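Below, chain A is the first sequence line, B the second, and so on; all start at residue 1. These numbers were taken from a predicted model, which means no experiment stands behind them.
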2 protein chains.
Amino acid sequence: MPERQSSRKDAVRNREAVLTAADALFARRESPEDVTMADVAAAAGVGKGTLFRAFGDRAGLLRALYAARLEPIRQAVETGPPPLGPTAPPRDRVPALLDAVLCFKLDNRRLALALEEGGGNSPYQAEHYERWHSLLRAVLEQIPGLTDCDFTAHALLAATRADLVEHLAGEGHIPRERMRAQLANFATRVLASGPL
Amino acid sequence: MPERQSSRKDAVRNREAVLTAADALFARRESPEDVTMADVAAAAGVGKGTLFRAFGDRAGLLRALYAARLEPIRQAVETGPPPLGPTAPPRDRVPALLDAVLCFKLDNRRLALALEEGGGNSPYQAEHYERWHSLLRAVLEQIPGLTDCDFTAHALLAATRADLVEHLAGEGHIPRERMRAQLANFATRVLASGPL
DNA sequence: CGTCGATACGGACCCAGGGTCCGGATTCTA
DNA sequence: TAGAATCCGGACCCTGGGTCCGTATCGACG
């Protein structure tokens, strides 16, 4: 219930300020967990009360940031051209979807990290995960000969988890393009198997 | 450096007591994060100081518990009979390894969960992950026609992440055997692809 | 068996950080 | 422009991980 927006001018201005400041902070700081709520409030020039009233709790703020960043991709997936859009043939669309997720996580490492570990609630009860999963699953179901599409969707998405991506990009020093190629290759292999 | 064991009788006794108590607590409580260090100390009949001296920090305690539980599997993998042991043919061993990991996580849900989210440090910098990964990778490399074995090993292991397993077993109500079958099927598909 | 140095014990204590509260300021409505 | 509704913000609370240090215990040695 702490989610409904206010129409009061100062409220929306502050909400905006917080979003902007938080975005900047997460981008600048090394690890997402050393950007504290007090930091965000201070950076936004706002009191903690305001911050929490606007977003409920830390997870709420993260979700809001995440949703904003995700918006363009959501658009591209829902109404865009192939291979991301709904008119693409399933075998092309699956790798494209995974690639989009991967790129998103590469571009928003800290944020995705912060949201996925989140201290307590797993990413699997987040609604945005649910969306990706059911979409991917639906696409997989259109590919003949594939079984266990629900599980397969989970397993494929698991390969794009933020901390794995972070690990590979960070300690592993794997460049972006290589990682994309590997994921695409992996997805292809999963889809490829005809009768073995 | 807070890791070297003591030989003093009371010290080992207390260490044992803590391990036992913690094990019981994690098994009993719903979520791993509402078993606090103070709880563990109290349940073990020991002061917090003792607890922290013996294990360094929370992660240290988790690691110790984990290692104890993992020991039999490690044995089976390193010196046991096929299909888990080193003499098994790679195409059989990969699914077997994954199955072993999955079963372990099913049998130790809370513990694995606690260790993998761990608040801060990702599971990917844990040494036990490193071990599974390099083993799996080595086995994959023995399979002709497979490329990107490093990444593939990561991706396969990602399908056994504790929170995913928890999600599937919990909200998804997927029975153990079905999950094992799905994972095996998935692994098989990944390995199956000849020239596409 | 008594003494003594080394080691461990344990709970009071510290601190960070998420989240709450409420008196006062601001904004909308009439 | 009065009054009500809403919002502001920072002082405050609380939980939980981690530390400290005076005291109790251990075990080696005489």
Side-chain angles (χ1 to χ4, degrees), chain A residues 1-22 25-26 29-65 110 113-115 117-121, chain B residues 1-22 25-26 29-65 110 113-115 117-121:
Chain A
M1 46 277 282
E3 277 307 328
R4 61 181 243 276
Q5 310 258 99
S6 158
S7 53
R8 252 179 73 163
K9 178 171 55 174
D10 51 355
V12 292
R13 178 173 38 76
N14 279 330
R15 186 186 170 87
E16 221 58 32
V18 166
L19 248 8
T20 308
L25 277 187
F26 277 112
R29 294 278 225 281
E30 260 316 299
S31 169
E33 74 220 21
D34 53 46
V35 40
T36 140
M37 293 304 269
D39 285 344
V40 173
V46 146
K48 286 180 67 178
T50 304
L51 178 49
F52 279 95
R53 197 169 332 100
F55 297 97
D57 58 4
R58 179 174 238 261
L61 172 59
L62 269 333
R63 276 198 303 270
L65 284 170
R110 320 286 162 67
L113 225 35
L115 193 57
E117 47 192 49
N121 42 1
Chain B
M1 43 284 283
E3 277 309 325
R4 57 181 248 277
Q5 310 258 99
S6 159
S7 52
R8 252 179 72 164
K9 177 172 53 175
D10 49 357
V12 293
R13 178 174 36 76
N14 280 329
R15 187 185 170 87
E16 222 58 31
V18 166
L19 249 7
T20 307
L25 276 187
F26 278 111
R29 294 278 225 281
E30 259 318 298
S31 170
E33 76 220 19
D34 53 44
V35 42
T36 144
M37 293 303 270
D39 285 345
V40 174
V46 146
K48 285 181 67 177
T50 304
L51 178 49
F52 280 95
R53 196 170 331 100
F55 297 97
D57 57 4
R58 178 173 238 260
L61 172 59
L62 269 334
R63 276 197 303 270
L65 284 170
R110 320 287 162 67
L113 224 36
L115 193 57
E117 49 191 44
N121 42 1

Nucleotide C:dA8, atom P - distance to CG of B:L51 in whole Å: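 So the CG-P distance, B:L51 to C:dA8, works out to 15 Å.
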Rounded interatomic separation in angstrom, taking CD from A:E16 and P from D:dC8: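 In whole Å, D:dC8 P lies 13 Å from A:E16 CD.
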Flag, side chain of B:N14 to backbone of B:D10, donor-acceptor distance under 3.5 Å: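 At least one qualifying donor-acceptor pair exists.
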If every non-hydrogen atom of [X] is compared with every non-hydrogen atom of [Y], which pair is closest and at what distance?
{"X": "A:R29", "Y": "A:D34", "value": "NE-O, 3.4 Å"}
{"X": "B:E33", "Y": "B:E117", "value": "OE1-OE2, 3.2 Å"}
{"X": "A:L65", "Y": "A:L19", "value": "CD2-O, 3.5 Å"}
{"X": "B:L61", "Y": "B:V18", "value": "CD1-CG1, 4.0 Å"}
{"X": "B:P32", "Y": "B:A114", "value": "CB-CB, 3.5 Å"}

Letter per nucleotide, 5' to 3', of nucleotides 15-22 of chain C [B base touched, S only sugar-phosphate touched, - untouched; heavy atoms, 4.0 Å]: ---BBBB-
Protein proximity profile, nucleotides 24-30 of chain D - base contact B, sugar-phosphate-only contact S, no contact -, cut-off 4.0 Å on heavy atoms: -BSS---
CG-CZ distance between B:D57 and B:R63, expressed to the nearest 0.5 angstrom: 6.5 Å
Distance test, side-chain N/O of B:N14 to OP1/OP2 of C:dA8, below 4.0 Å: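 So the side chain of B:N14 is outside the cut-off, no N or O lying under 4.0 Å from OP1 or OP2 of C:dA8.
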Note, A:R58 side chain near A:L62 side chain (heavy atom, < 4.5 Å):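 Contact flag for A:R58/A:L62 side chains = yes.
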